[in-house]
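Before any comments, here is the structure.
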Amino acid sequence: MSRKKGLRGKTASSSSPSKDSPAGKSTGKTVRGSPGIVQMNGVVHPSRPPISNSSEFYDISFKVMLVGDSGVGKTCLLVRFKDGAFLAGSFISTVGIDFRNKVMNIDGVKVKLQIWDTAGQERFRSVTHAYYRDAHALLLLYDVTNKSSFDNIQSWLTEIHEYAQQDVVLMLLGNKADSAHDRVVKREDGERLAKEFGVPFMETSARSGLNVELAFTAVAKELKHRSTKDPSEKFKLQEYVSKEVKVAGCCRS
Ligand SMILES: Nc1nc2c(ncn2[C@@H]2O[C@H](COP(=O)(O)OP(=O)(O)OP(=O)(O)O)[C@@H](O)[C@H]2O)c(=O)[nH]1
Ligand SMILES: [Mg+2]
């Protein structure tokens, strides 16, 4: 079904820890001096390895889904984020659904993002629908060089409202911002649409890396913030994005 093998282990999430997740067994104590133990609202989350072979430890885990028309650059964005490389060459459309994990250090907490890369092609839509309800965050992409991918954002949003959780973290990304000559969607148009729907927005480029790390970091920070509910931490996703976002073509030497 996909370029790579599917999920090998269960995912422990902050909202519904799996049975084999120690996060579900709160002792209510802060354990000092134990590596990887984090106190969050009375719940102790020991850092633990995922069930798969990866050696990475994490405290909390979330599912993030990449959605948008075929060819907008979902797979390339994920590869850029995970491996720091651009998948140049011929376009290999994703079949079904694929995923990659990445653990990020967010303010001292190890946040694992399990990122689901969906197929944009219409024929796989029913497969994608089945995954929406488990997603904690959605990155909705269009391609700034493809007007119809932008026009289709409205119907993607309708689909999201129908299938995703009501409180899902949603962000709109205008990808391929490096393609200045082929651009047909202005940054202002993306901003206007995002404002209309009340979602954070940024332009990205899987080719140059513009704002790629930021998009995932912003989502991870928001999810971690919601999960820990630390009153001393005043995180506002929109504000964070507005402060950190870089504009395509700006300030190049
Ligand atoms: N210039 C430029 N090209 C990009 C960028 N991101 C992706 N591409 C190109 O766009 C094409 C499609 O990229 P993919 O990442 O495979 O697209 P996708 O959204 O995963 O497509 P589906 O799997 O069919 O849904 C490829 O030829 C990429 O090289 C980008 O940021 N800039
Ligand atoms: Mg793909």
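Order of listing sets the numbers, starting from 1, for every ligand and every atom in it. Numbering of residues begins at 1 and proceeds along the displayed sequence.
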[X] with [Y]: basic N within carboxylate O range, under 4.0 Å:
| X | Y | value |
| --- | --- | --- |
| Asp59 | Lys112 | no |
| Asp83 | Arg100 | yes |
| Glu222 | Arg226 | yes |

Output yes when the distance from some N or O of ligand 1 to some N or O of [X] is under 3.5 Å, and no in every other case.
| X | answer |
| --- | --- |
| Leu77 | no |
| Gly68 | no |
| Ala206 | yes |
| Ser93 | yes |
| Phe86 | no |

Spacing of Lys224 atom NZ and Met104 atom CE [to the nearest 0.5 Å]:
12.5 Å

Quick one: does ligand 1 sit under 4.0 Å from the side chain of [X], the backbone, both or neither, non-hydrogen atoms only?
| X | value |
| --- | --- |
| Ala177 | neither |
| Cys76 | both |
| Thr145 | neither |
| Thr204 | neither |

Looking at Ala206 and Arg80, what are the two nearest heavy atoms and their distance?
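Minimum heavy-atom separation between Ala206 and Arg80: O-NE, 2.8 Å.
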
For residues 211-218, run the donor-acceptor check on the side chains, cut-off 3.5 Å, and write out each pair with its distance to 0.1 Å, sequence neighbours left out.
from: Asn211; atom 1: OD1; to: Lys246; atom 2: N; distance (Å): 3.0
from: Asn211; atom 1: ND2; to: Glu203; atom 2: O; distance (Å): 2.7
from: Asn211; atom 1: ND2; to: Lys246; atom 2: O; distance (Å): 2.7
from: Thr217; atom 1: OG1; to: Glu213; atom 2: O; distance (Å): 2.7

Taking only non-hydrogen atoms of Ala88, do any sit less than 4.0 angstrom from ligand 1?
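Not so, Ala88 does not reach ligand 1.
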
For ligand 1, which atoms have a heavy atom of [X] less than 4.0 angstrom away?
| X | result |
| --- | --- |
| Ser179 | 1 (N) |
| Leu87 | 29 (O) |
| Gly120 | 22 (P), 25 (O) |
| Thr75 | 15 (O), 20 (O) |
| Thr94 | 22 (P), 23 (O), 24 (O) |
| Asn175 | 5 (C), 6 (N), 31 (O) |
| Asp178 | 1 (N), 2 (C), 30 (C), 31 (O), 32 (N) |

Passing candidate, side chain to side chain contact (heavy atoms under 4.5 Å, CB included) with Val72, options Leu141, Leu66, Asn175
Leu141

Tell me which one of Arg187, Lys195, Arg192 satisfies side chain to side chain contact (heavy atoms under 4.5 Å, CB included) with Phe201.
Arg187

Is Thr75 close enough to the Mg ion (ligand 2) to have an N, O or S atom under 2.8 Å?
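Coordinating: yes.
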
Check whether any N, O or S atom of Thr118, backbone or side chain, sits closer than 2.8 Å to the Mg ion (ligand 2).
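No, since none of the N, O or S atoms of Thr118 sits under 2.8 Å from the Mg ion (ligand 2).
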
Counting only N and O atoms by type, is there a donor-acceptor contact under 3.5 Å from the side chain of Ser149 to the main-chain atoms of Asp143?
yes

Would you tell me which option among Gln121, Arg80, Lys176, Lys74 has the nearest heavy-atom contact to atom 11 (C) of ligand 1?
Lys176

Going by salt bridge (Lys or Arg N to Asp or Glu O under 4.0 Å), name the pairs with one or both residues in residues 125-138, residues two or more places apart or in two chains.
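For residues 125-138: Glu122-Arg125.
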
In terms of side-chain heavy atoms, does Asp117 have a donor or acceptor partner in Thr75 at a distance below 3.5 Å?
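Note: Asp117 and Thr75 side chains meet the donor-acceptor criterion.
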
Please state whether the rings of Tyr163 and His129 are parallel, tilted or perpendicular, taking 30° and 60° as the class boundaries.
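Ring orientation of Tyr163 relative to His129: parallel.
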
